[in-house]
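Predicted model, so just to flag it, every value in this text is computed and none were measured.
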Amino acid sequence: MSVKVEASHDGVPHNKVMIIGAVIALVSLYIAVIGHDLLHIDYLAFFGGIAFIGALIWGNSTIKKLCSYGIGTGVPSAGMLAFGSGVIALLFASALGAISVWIIPVAALVIALIVGLILGWISNSVLNMKIPVMTRSIAELAAVGALALMGLGVVAVGCVGFNEIATLELLGVTVFNTSYIGAGVIAVSFMLGAIALQHPFNACLGPGEKQDRTNMLAIECGFLSMIVMAVISFAFVSMIAAWISLIIAIIGWLVSYKKYFALSKRDAAAWLDAKPFVDSEEQ
């Protein structure tokens, strides 16, 4: 049995946030595909970071909806589950790149939803958690994980076809040829993405939680993760593309951090005159 506790009840409806986040993620990924496979440039790799942030906004709302049923301590596990199932979808979708790179983003989304639905059904029916939104939420989180992983991967290697060979050169000398997966970058993406997904609501959780502040923290975490992937990208993409991603990530992080700090002060000020809860024994 679960009891629902409303969070951000006066904010933008979850379905609308889901659509906005999914559209931002998919459109950004396809812009990167156009740049890499049609224009043959990697300067648009930074759109992977935008896709990552779009997925985080969607996932942040999903976690908030799921954890409104009293499983706030399950926020970290929800983030790990999202990216764990997202990896499965990403690997299957990447294999389809042999057919066409254009189907990878959509295939990852569809496969992730299927995997998530199965995991959600197991959670509710087998583990007997009996949370009304569990099946749908786990399916959404799997999709978020797949899109977010793909976005970070695009920042690092410049394309969504992660089975392609990437070359690391130092001082003009080829050090190794490997794939995004073989280089272990996917492991870094997993941890950065899972932490960025689970942190915002976990940090803002409470009676004073506001949707705009929580979303701004998600954006800030997204740009912070993008900075790390942009640094890694110097090994795999052109110098210009890597610098573009790094500069955009740093500027985005500074702006979003400043905005989040302002929103935090706004919400903290609203509690200045609040009275502490008094224990009945003290009355």
With sequence neighbours excluded, residues passing side-chain contact (heavy atoms from CB on, under 4.5 Å) with [X]:
| X | answer |
| --- | --- |
| I244 | Y43, F46, I240, I248 |
| A139 | L113, L117 |
| I251 | I247, V255 |
| I19 | V23 |

* Taking side chain to side chain donor-acceptor pair (under 3.5 Å) as the test, write out the residues that go with S61, two or more places apart. => H14
Does any part of the side chain of [Y], heavy atoms only, come nearer than 4.5 Å to the side chain of [X], both counted from C-beta?
| X | Y | answer |
| --- | --- | --- |
| H199 | L217 | yes |
| F236 | V185 | yes |
| Y260 | C204 | yes |
| M191 | F83 | no |
| L81 | L141 | no |
| V27 | I31 | yes |
| L56 | N60 | no |
| T135 | L119 | no |

What are the two closest heavy atoms between [X] and [Y], and how far apart are they?
| X | Y | answer |
| --- | --- | --- |
| L152 | G193 | CD1-N, 4.1 Å |
| A142 | S85 | CB-OG, 3.3 Å |
| V154 | C159 | CG2-O, 3.7 Å |
| G222 | F52 | CA-CE2, 3.6 Å |
| W58 | A143 | CH2-CB, 3.7 Å |
| A146 | A108 | CB-O, 4.0 Å |

* To do: Quick one: do D267 and K210 satisfy salt bridge (charged side-chain N to carboxylate O under 4.0 Å, His left out)? Show the steps, please.
  => CA-CA 8 Å; D267 294 340; K210 298 293 183 182; 6.0 Å; no
What is the distance from atom [atom1] of [X] to atom [atom2] of [Y], rounded to the nearest 0.5 Å?
| X | Y | atom1 | atom2 | result |
| --- | --- | --- | --- | --- |
| M150 | L29 | CE | CG | 6.5 Å |
| M80 | F190 | CE | CZ | 6.0 Å |
| L44 | H36 | CG | NE2 | 11.0 Å |
| Y30 | L38 | OH | CG | 12.0 Å |
| I24 | L147 | CD1 | CG | 12.0 Å |
| I63 | K65 | CD1 | NZ | 14.0 Å |

* **salt bridge (charged side-chain N to carboxylate O under 4.0 Å, His left out) pairs, two or more places apart, involving residues 45-54** => none
* Structure fact -> So salt bridge (charged side-chain N to carboxylate O under 4.0 Å, His left out) across residues 139-157, not counting sequence neighbours, yields R136-E140
* Which residues satisfy the salt bridge (charged side-chain N to carboxylate O under 4.0 Å, His left out) test with E220, sequence neighbours excluded? -> none
* Does anything in residues 97-123 pair up under side-chain hydrogen bond (donor to acceptor under 3.5 Å, both in side chains), and if so which pairs, sequence neighbours excluded? -> W121-S125
Under 3.5 Å donor-acceptor pairs involving side-chain atoms of residues 224-233, not counting sequence neighbours:
{"from": "S225", "atom 1": "OG", "to": "C221", "atom 2": "O", "distance (Å)": "3.1"}
{"from": "S233", "atom 1": "OG", "to": "A230", "atom 2": "O", "distance (Å)": "2.5"}

* To do: Decide salt bridge (charged side-chain N to carboxylate O under 4.0 Å, His left out) for R266 and D212; before the verdict, give the C-alpha distance in whole Å, the side-chain angles of both, and the deciding distance to 0.1 Å.
  => CA-CA 11 Å; R266 177 204 67 185; D212 57 351; 2.8 Å; yes
* Asked: For F92, what residues pass the ring-ring contact (aromatic ring centres under 6.0 Å, His included) criterion, not counting sequence neighbours?
  -> none
* Would you sort out whether Q211 and V12 count as a side-chain contact (heavy atoms from CB on, under 4.5 Å), showing the intermediate values? => CA-CA 8 Å; Q211 189 182 54; V12 179; 3.5 Å; yes
* Measure from the side-chain N and O atoms of D42 to the backbone N and O of A241, and report whether any donor-acceptor pair falls under 3.5 Å. => no
